[in-house]
Every structure is written in structure tokens, then in C-alpha cells.
Amino acid sequence: MAGHSKWANIKHKKAATDAKRGKIFTRLIKEITVAARLGGGDSASNPRLRLAIDKAYEQNMPKDNVERAVKRGSGELDGVNYEEVRYEGYGIAGAAVLVDCMTDNRVRTVADVRHAFTKYGGNLGTDGSVAFLFKHCGQMFFAPGTNEDKLMEAALEAGAEDVISNDDDSIEVITAPYELSTVKAALEKAGFKAEHAEVTMKPENEIVLTGDDAVKMQKLLDALENIDDVQEVYTTAVIDG
């Protein structure tokens, strides 16, 4: 058994994501473009690109937008040349924070990220200062009440790495990062539909924050999320409340 208010946190994150649909499109286009540039425009042989395209269609992105992003990334169309950069730091009560960005101007991006950390009670750290506290993996959440034994059997047969039962009776299935799509499809075929699925940086250990600490930490996370160059924000903090 593991976790604390996992289901509530996932639902909150999903609602926040839905509220930022326009920004989600921008982030997905960047991800598709960079994935195509790094691994080629054929999604069949580029698992990172396949994941990004799947996610785009889940968000109802028009096919034309997806295809243009692939062409920009693979060099068929001109476009902005984004680079990936990760910043690491600490939030409230020493909670670790990872900030993944895609930018065409590192100077602007680091200034924005540093400003958010400073303004909301955190500290920007050095490379490697907190990344070791996270695991790069695929993660799926299944609602409380899902048949754990049957899900575990199907997940492990599909190639999942781990199945975790949380305190709130939600169930997590963990996969290798680029096996997520394959395992997810196999589970759907077996009758299990994930409420939330993503490639993520999963904290190895979590810090539960309540009261004022929770409020302050949420403000820091929101400030980081709202930076245009930020793709994803990961933290060891669990906001309780």
C-alpha cells in the first residue's frame, strides 16, 4: 500500500489541465516537433513521437496541427528550433521540484523560472540536485473499485513493471517510459480503461503538505506551470487539502 490522496490529486491535476486547453495545445506541438526532430517523423519507429501524437489526439487536437508539427520537426517545414532544458529546485518544506522546459531562449527561460522560485518561497538548485529523487516512467491510474487482481494479471502480462495499490483504493500501473502506449492499449483490450495516463517523473518518496505549506506550494507550482516555456512540473510534494 502506498500514497496519500492520490485519486484527489490526479482529479485536481486533470481539471487544471482541462482548464488550460489552449496552453496544452502549444505544449503538445512543441513536444511533437522536438520528438520528430530527434527521432524522425515516422511515429511507428519513434516511440516518443507516437506518445506525443496519441496525447494530442486525446486532447482533440486537429489532425492538420499534428501533421504540421511533425513536418516542422522533421525539417519539411520551417519553424522555431526549440531545445529541451531541465531546471531543478526546492519548494516549501524542502519538497523537490523538477521543471522541464522547451525554449528558443535559455536566458529568458531561466530568468522566468528563477523568478517564480524566488517569489513563492522556493530555491533554484543546481543540475542533478533533485533529479535522482524521481523515476522516469509511464504511469496509469485506475479508479477505486477496479478489480486489483485481474488488473495486476493483465498489466504484468502486457509488460508493466509494477502495480501499486494506493491508500485511497486507486491503483497505479507503472511501465517503462516508452512502453506506456503498448501497455495501455493491451489493458484497454482487456477491459481496463485508465482515468489518467502519462509519461512522468514519479517521485521515489513524497512529502505531504497541509495548511499554509500546502497553499504556498500550490502557488509556486501554479507560477511555474504558467511560464510559457514550461512543459511539465514534477514535485515530491503531495498537496493535502
Side-chain angles (χ1 to χ4, degrees), residues 1-14 17 27 31 34-35 38-39 46-52 54-55 84-102 113 122 124-142 146 148 151-152 154-168 170-187 192 194-209 217 220-221 224-225 230-240:
M1 299 290 281
H4 186 99
S5 305
K6 281 290 178 71
W7 194 241
N9 273 274
I10 284 298
K11 293 304 232 184
H12 172 80
K13 183 174 181 181
K14 192 169 186 302
T17 298
R27 289 180 178 181
E31 171 62 17
V34 169
L38 295 177
N46 183 344
R48 178 173 173 179
L49 178 61
R50 187 170 66 247
L51 271 173
D54 286 349
K55 201 167 180 182
E84 296 179 281
V85 59
R86 169 175 287 167
Y87 299 104
E88 305 178 36
Y90 299 91
I92 310 305
V97 183
L98 279 185
V99 187
D100 280 350
C101 305
M102 284 190 188
V113 170
L124 187 61
T126 54
D127 286 353
S129 57
V130 302
F132 68 94
L133 298 170
F134 298 82
K135 176 185 178 178
H136 188 213
C137 64
Q139 182 182 45
M140 285 175 273
F141 277 89
F142 295 85
T146 302
E148 184 183 351
L151 176 59
M152 182 178 290
L156 296 178
E157 192 174 306
E161 291 184 351
D162 200 5
V163 178
I164 302 166
S165 176
N166 292 313
D167 293 343
D168 56 10
S170 65
I171 302 171
E172 278 176 72
V173 173
I174 306 300
T175 72
Y178 299 117
E179 293 297 317
L180 178 67
S181 294
T182 306
V183 177
K184 182 168 173 272
L187 289 178
F192 295 100
E195 293 287 332
H196 185 80
E198 64 179 344
V199 172
T200 187
M201 295 295 287
K202 177 178 166 62
E204 298 283 8
N205 293 290
E206 295 174 327
I207 299 172
V208 178
L209 299 183
M217 188 69 190
L220 170 58
L221 297 175
L224 290 167
E225 286 269 6
V230 169
Q231 289 287 102
E232 297 286 349
V233 179
Y234 306 104
T235 181
T236 56
V238 175
I239 309 295
D240 190 18

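FYI, side chains are in, hydrogens and waters are out, and symmetry mates aren't considered; it's all heavy atoms of this structure. Position 1 is the first residue of the sequence, and the numbers go up from there.
Across all their heavy atoms, Glu88 and Ala131 have their closest contact at OE1-N, 2.9 Å. In terms of heavy-atom proximity, Leu133 sits nearest to Ala96 at CD1-CB, 3.7 Å. Scanning all heavy atoms of the two residues, the minimum distance from Thr235 to Ala95 falls at OG1-CB, 4.2 Å. Nearest heavy atoms, Val113 versus Cys101: CG2-SG, 4.3 Å. Contact between Ala194 and Ala197 at its shortest, heavy atoms only, is CB-CB, 4.4 Å. Of all heavy-atom pairs spanning Ala93 and Leu209, the tightest one is CB-CD2, 3.8 Å.
Considering Thr200, Thr175, Val173 in turn, Thr175 is the only one that fulfils the side-chain contact (heavy atoms from CB on, under 4.5 Å) rule with Leu180.
More than 12 non-hydrogen atoms from other residues, nucleotides or ligands lie less than 6.0 angstrom from CD of Glu84.
Residue Leu98 holds its CG atom at 13.0 Å from OH of Tyr87, rounded to the nearest 0.5 Å. Atom CD of Gln231 and atom CZ of Arg27 lie 6.5 Å apart (nearest 0.5 Å). Atom OG of Ser170 sits about 12.0 Å away from atom NE2 of His196, to the nearest 0.5 Å. The NZ atom of Lys135 lies 11.0 Å from the CE atom of Met201; values are rounded to the nearest 0.5 Å. Of the inter-residue distances, the one linking Phe192 atom CZ with Leu187 atom CG reads 7.5 Å to the nearest 0.5 angstrom. Here the CG-OG1 distance, from Leu51 to Thr182, works out to 8.5 Å after rounding to the nearest 0.5 Å.
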Quick one: do Asn46 and Arg50 satisfy side chain to side chain contact (heavy atoms under 4.5 Å, CB included)? Show the steps, please. CA-CA 6 Å; Asn46 183 344; Arg50 187 170 66 247; over 6 Å; no
Can you list the steps and then say if Asp54 with Lys184 is a side chain to side chain contact (heavy atoms under 4.5 Å, CB included)? CA-CA 11 Å; Asp54 286 349; Lys184 182 168 173 272; over 6 Å; no
Audit row: Arg86, Asp100, side chain to side chain contact (heavy atoms under 4.5 Å, CB included) steps and yes/no: CA-CA 5 Å; Arg86 169 175 287 167; Asp100 280 350; 2.6 Å; yes
Could you please spell out the steps behind the salt bridge (charged side-chain N to carboxylate O under 4.0 Å, His left out) verdict for Glu161 and Lys202? CA-CA 13 Å; Glu161 291 184 351; Lys202 177 178 166 62; over 6 Å; no
Taking it one step at a time, do Ile171 and Val163 satisfy side chain to side chain contact (heavy atoms under 4.5 Å, CB included)? CA-CA 7 Å; Ile171 302 171; Val163 178; 3.6 Å; yes
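Taking the six-membered ring where tryptophan is involved, the planes of Tyr178 and His136 are perpendicular, since the angle between them exceeds 60° and thus also 30°.
The backbone N or O of Pro203 sits nowhere less than 3.5 Å from a side-chain atom of Thr236 that would complete a donor-acceptor pair.
Two residues are said to be in side-chain contact when any heavy atoms from C-beta on lie closer than 4.5 Å; Val97 and Val130 fail this criterion.
Ion pairing between a basic and an acidic side chain is recognised when a charged N comes within 4.0 Å of a carboxylate O; Glu31 and Lys55 show no such pairing.
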